[in-house]
Amino acid sequence: MPVISAKETEAFLTMLRRGRRNVDDWHSEHPMQCDKIDGLKADLDRLDAHLASGALTAPMPWDALYRWAEGALSFEGQELLVALMMEPYGALVDDLPNQMSADEGAGFRIDGSMTAAQLRGILERDYAWALKIDWDSPESQAKAWYVSIEKLEPRLGERHLEPVAPYEQPLAPGRDAALLFRALDDEADQTRVADFLLRHPEHRHILRRVQIVARHPYAEIRDNTVSADILPIDLLRAKLSFFGACHFDPRSDRWVRINMFRNAPFPHELAEMEFAGWTYPALVEVPV
């Protein structure tokens, strides 16, 4: 939008003050998370200074503010800024949660008419990050995902230290995409995917995933999920945030403590709220 109204500006600045208090209340004993919280506080200082210089009066202010943040703030700071920017615009975003589910059946069918050349192009575009990884390195495949018999939950094992490889689940899309790309080396450009899979059915799961990612760019985790330095808590954080979790406090590299629906209102309070910014502490609690 080209300009911001005075009411929208005040709503954003109010949520920014509340957001800072929320960060101040965020505590952790995990060194990595402590560093992230400290970095987020520094980001808020930089954001305050930038806003004080008149950033919200510039042409296309939200777009300009986000583009500035891409170069000036950490990922944590960028995520918080985007969340705060949406708060004054409930009419634009309140219906989005209804679209956060996925119809897995809609994308399950493989397009067998796709050619090998088309498939290579998708892999080179959407999985370029995976094709750059040295998958022959032990560190690149140090972990393996399997399912616990006792709890039927995903677990992460040490591939080179534990006998987990035979039970591995197809949860290494980067590696599998690279294997698929290598298998296409011997295929003519006009070879159909259907014919390729008849000879190489072991690539069916990743080929389906690649076709889905071609249509939905945010469908993929663009990182090595079996590397020696993988932190499952990052995956947990992304998933749990959908459920209203906040104040993530990792207790190890495998599990995380959270707050659920912190500051959430009671049902009778919802009608009195100007906008649903309850994720952050109420204004009366924030010193100005």
Side-chain angles (χ1 to χ4, degrees), residues 26-37 75-76 79 97-110 127 129-130 133 135 137-180 201-213 216 218-264 279:
W26 188 354
H27 304 288
S28 175
E29 297 177 4
H30 195 285
M32 179 192 70
Q33 189 60 44
C34 289
D35 290 342
K36 287 186 176 182
I37 294 172
F75 286 133
E76 297 273 341
E79 288 181 356
N98 297 327
Q99 304 175 35
M100 292 174 70
S101 60
D103 182 359
E104 296 183 0
F108 195 79
R109 182 183 295 274
I110 293 175
Y127 288 86
W129 58 271
I133 296 174
W135 293 103
S137 167
E139 290 76 17
S140 296
Q141 298 193 63
K143 312 288 188 180
W145 291 92
Y146 65 96
V147 174
S148 165
I149 295 179
E150 293 182 354
K151 294 190 175 182
L152 298 179
E153 293 178 344
R155 294 285 185 268
L156 193 59
E158 297 287 343
R159 184 187 306 277
H160 307 304
L161 300 177
E162 305 172 75
V164 296
Y167 309 103
E168 184 174 10
Q169 298 294 300
L171 298 175
R175 179 202 61 193
D176 293 347
L179 290 173
L180 172 60
E202 67 274 15
H203 295 296
R204 178 178 294 272
H205 72 284
I206 186 61
L207 198 152
R208 175 184 291 112
R209 188 166 183 139
V210 170
Q211 289 188 341
I212 290 173
V213 173
H216 305 285
Y218 289 97
E220 187 58 279
I221 300 168
R222 298 172 187 261
D223 202 353
N224 183 1
T225 56
V226 292
S227 67
D229 57 357
I230 180 67
L231 291 175
I233 52 176
D234 289 337
L235 302 177
L236 281 172
R237 179 173 173 175
K239 176 182 177 181
L240 291 170
S241 65
F242 277 60
F243 304 144
C246 63
H247 283 201
F248 300 90
D249 180 15
R251 311 309 293 175
S252 74
D253 64 342
R254 304 295 173 92
W255 72 280
V256 61
R257 186 167 61 187
I258 59 172
N259 288 154
M260 291 292 288
F261 301 105
R262 182 182 176 89
N263 302 310
T279 306

Point to revise | Set of salt bridge (Lys or Arg N to Asp or Glu O under 4.0 Å) partners for Asp249, sequence neighbours left out | key: Arg251, Arg257

Distance (rounded to the nearest 0.5 Å) between [X] [atom1] and [Y] [atom2]:
| X | Y | atom1 | atom2 | answer |
| --- | --- | --- | --- | --- |
| Ile133 | Glu139 | CD1 | CD | 12.5 Å |
| Leu207 | Glu202 | CG | CD | 11.0 Å |
| Asp176 | Trp135 | CG | CH2 | 8.5 Å |

I need the minimum non-hydrogen distance between [X] and [Y], along with the two atoms involved.
| X | Y | result |
| --- | --- | --- |
| Pro232 | Trp145 | CB-CH2, 4.2 Å |
| Ser28 | Gln33 | OG-CB, 3.5 Å |
| Ile206 | Ala177 | CG1-N, 3.6 Å |
| Ala178 | Ala130 | CB-O, 4.3 Å |
| Arg222 | Val213 | NH2-CG1, 4.0 Å |
| Leu171 | Val226 | O-CG1, 4.5 Å |

Residues in side-chain hydrogen bond (donor to acceptor under 3.5 Å, both in side chains) contact with [X], at least two apart in sequence or another chain:
| X | result |
| --- | --- |
| Glu76 | Arg237 |
| His160 | none |
| Thr225 | none |
| Arg175 | Gln141, Glu168 |

Point to revise | Tyr167 atom OH, neighbour heavy-atom count above 12 within 6.0 Å | key: no

Kindly write out the residues that satisfy side chain to side chain contact (heavy atoms under 4.5 Å, CB included) with [X], not counting sequence neighbours, or none if the list is empty.
| X | value |
| --- | --- |
| Ser227 | Asn224, Asp229, Ile230 |
| Arg208 | Phe108, Ile110, Arg204, Ile212 |
| Phe261 | Ala264, Trp278 |
| Met260 | Phe243, Ala245, Ile258 |

Review point. Under the ring-ring contact (aromatic ring centres under 6.0 Å, His included) test, which residues partner Trp26, sequence neighbours left out?
Key: His247

**Study point:** Summary of salt bridge (Lys or Arg N to Asp or Glu O under 4.0 Å) pairs that have at least one residue in residues 140-153, sequence neighbours excluded
**Key:** Lys143-Glu158, Glu153-Arg155

Review point. Is there a side-chain contact between Phe248 and Leu240 (heavy atoms, below 4.5 Å)?
Key: yes

